[in-house]
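Note sheet for the following structure.
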Amino acid sequence: MSTATLTVDLGAIVANWRALDALSEGETAAAVKADAYGLGADRVARALARAGARTFFVAVAEEGAALRDALGPGPAIYVLSGHMPGDADMLGDLGLVPVINSLDQMVRQVESLPGRPFALQLDTGMNRLGMEPSEWGAVRDIALAQDPQLIISHLACADMPDHAMNAQQLRRFMEMTEGADCPLSLANTGGILLDPAYHFDLTRPGIGLYGGLPHVDARPVVSLEIPVIQCRDVKPGETVGYANTWTAKRPSRIATLAAGYADGLFRALGSRAQVHAEDHALPVVGRVSMDLIGVDVTDLGFDPKTVEILGRHQSVDSLANAAGTIGYEVLTSLGARYTRRYLGG
Ligand SMILES: *Cc1c(COP(=O)(O)O)cnc(C)c1O
């Protein structure tokens, strides 16, 4: 077998959810959009539901439909893109709750699913989704009269605790929801860690469940083990990989790994990345290819059968750093070719 093995520790995800849940008085939901950040929404959400999670957030109605299939009728599933054209049957039949983002969506909801549950998103400064203060001012009384299940907004800078934007969005959220007597939700993972003032009735952690920053105390969730296809000796002056970007300075032993950028191991990782065999760090040499990566095993003293690129020695965030990106992108890019193994849950 030459495909890499991605191991997802569902027990660690549950432990991370419980740790974040313990920080607040209110309810703790789970953001499982984008297939639970690439880790498998069905497995992840079922494990969290067994642990007591009752509310889930997805990006689009189609994700909500798949999640309803996995979870059955009980849990609340909120669709962050709201009510888009063509969504009414899926939302209505499967009991998905659209998070209404605009007056247009509000009209669509009221016309096609009158009396059915919905939530609202307010824009408190991120300028991405949700009603702006002026729009909200015009529909507020009508919208509140229809008993929204939840009002949410989203923080732009929650992973930067000292950023002035946080307090500004908090203030705007409180102003815009003053007097509303439905549940409120503002905090993603970063927001939970900022201060209890951001928690309100429901928090919506995503990345912190999956072991990523800013949840510094999170238990690691993923490990990725890649088989070595071949090892070879390379003489000083010889090169490795496309465009000859790496030249041996000494007699070297090079291992070729069975994964590449088509598996979400970004080409931009370049030579800043490492992998590990047992406890030894091995540098990546040359360009990352579509299906292959070269590593220098000269100092290891033996030819490894497999190496680890994510796990005990290298977190999702350190690998992301090497590629100039964030843990979220590493997770959601994890390859479709991996053999997936689930632990616990
Ligand atoms: C993705 C998302 C979350 C979860 O954010 P994390 O930073 O991963 O915790 C919460 N709320 C909304 C609206 C989101 O889009």
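First listed ligand is number 1; within each ligand, the first listed atom is number 1.
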[X] and ligand 1 - part of the residue with a heavy-atom distance under 4.0 Å:
X: Tyr328; result: side chain
X: Pro205; result: backbone
X: Asp159; result: neither
X: Met126; result: neither
X: Arg204; result: both

When you compare ligand 1 with [X], is there at least one nitrogen or oxygen pair between them that comes in under 3.5 angstrom?
X: Gly206; result: yes
X: Ile207; result: yes
X: Gln121; result: no

Return the closest protein heavy atom for atom 9 (O) of ligand 1 as residue, atom name and distance. Thr189 OG1, 2.5 Å
How close does the nearest protein non-hydrogen atom get to atom 5 (O) of ligand 1, and which residue and atom is it? Asn188 CB, 3.3 Å
Side chains of [X] and [Y]: donor-acceptor distance under 3.5 Å anywhere?
X: Arg312; Y: His276; result: no
X: Asp317; Y: Ser315; result: no
X: Thr55; Y: Glu27; result: yes

Is atom CE of Met160 surrounded by more than 12 heavy atoms (other residues, nucleotides or ligands) closer than 6.0 Å?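 More than 12 heavy atoms, drawn from other residues, nucleotides or ligands, come within 6.0 Å of this atom.
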Counting heavy atoms not belonging to Asp93, are there more than 12 under 6.0 Å from its CG?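 Yes, the 6.0 Å shell around CG holds more than 12 heavy atoms from other groups.
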Looking at [X], which atoms of ligand 1 are within less than 4.0 Å of one of its heavy atoms?
X: Tyr37; value: 1 (C), 4 (C), 5 (O), 6 (P), 8 (O)
X: Arg128; value: 15 (O)
X: Ala31; value: 4 (C)
X: Lys33; value: 1 (C), 2 (C), 3 (C), 14 (C), 15 (O)

Sort out for me which residue in Thr7, Thr306, Thr339 forms a side-chain hydrogen bond (donor to acceptor under 3.5 Å, both in side chains) with Glu225.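 So the option named by the test is Thr306.
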OG/Ser185 to OH/Tyr78 distance, rounded to the nearest 0.5 angstrom?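 Going from the OG atom of Ser185 to the OH atom of Tyr78 covers 9.0 Å.
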Distance, nearest 0.5 Å, that separates CD1 of Ile151 from CG of Leu186: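 Interatomic distance, Ile151 CD1 to Leu186 CG, rounded to 0.5 Å: 12.0 Å.
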Examine Arg43 relative to Tyr342 and say whether NZ or CZ is less than 6.0 Å from the centre of the six-membered ring and inside a 45° cone about the ring axis. yes
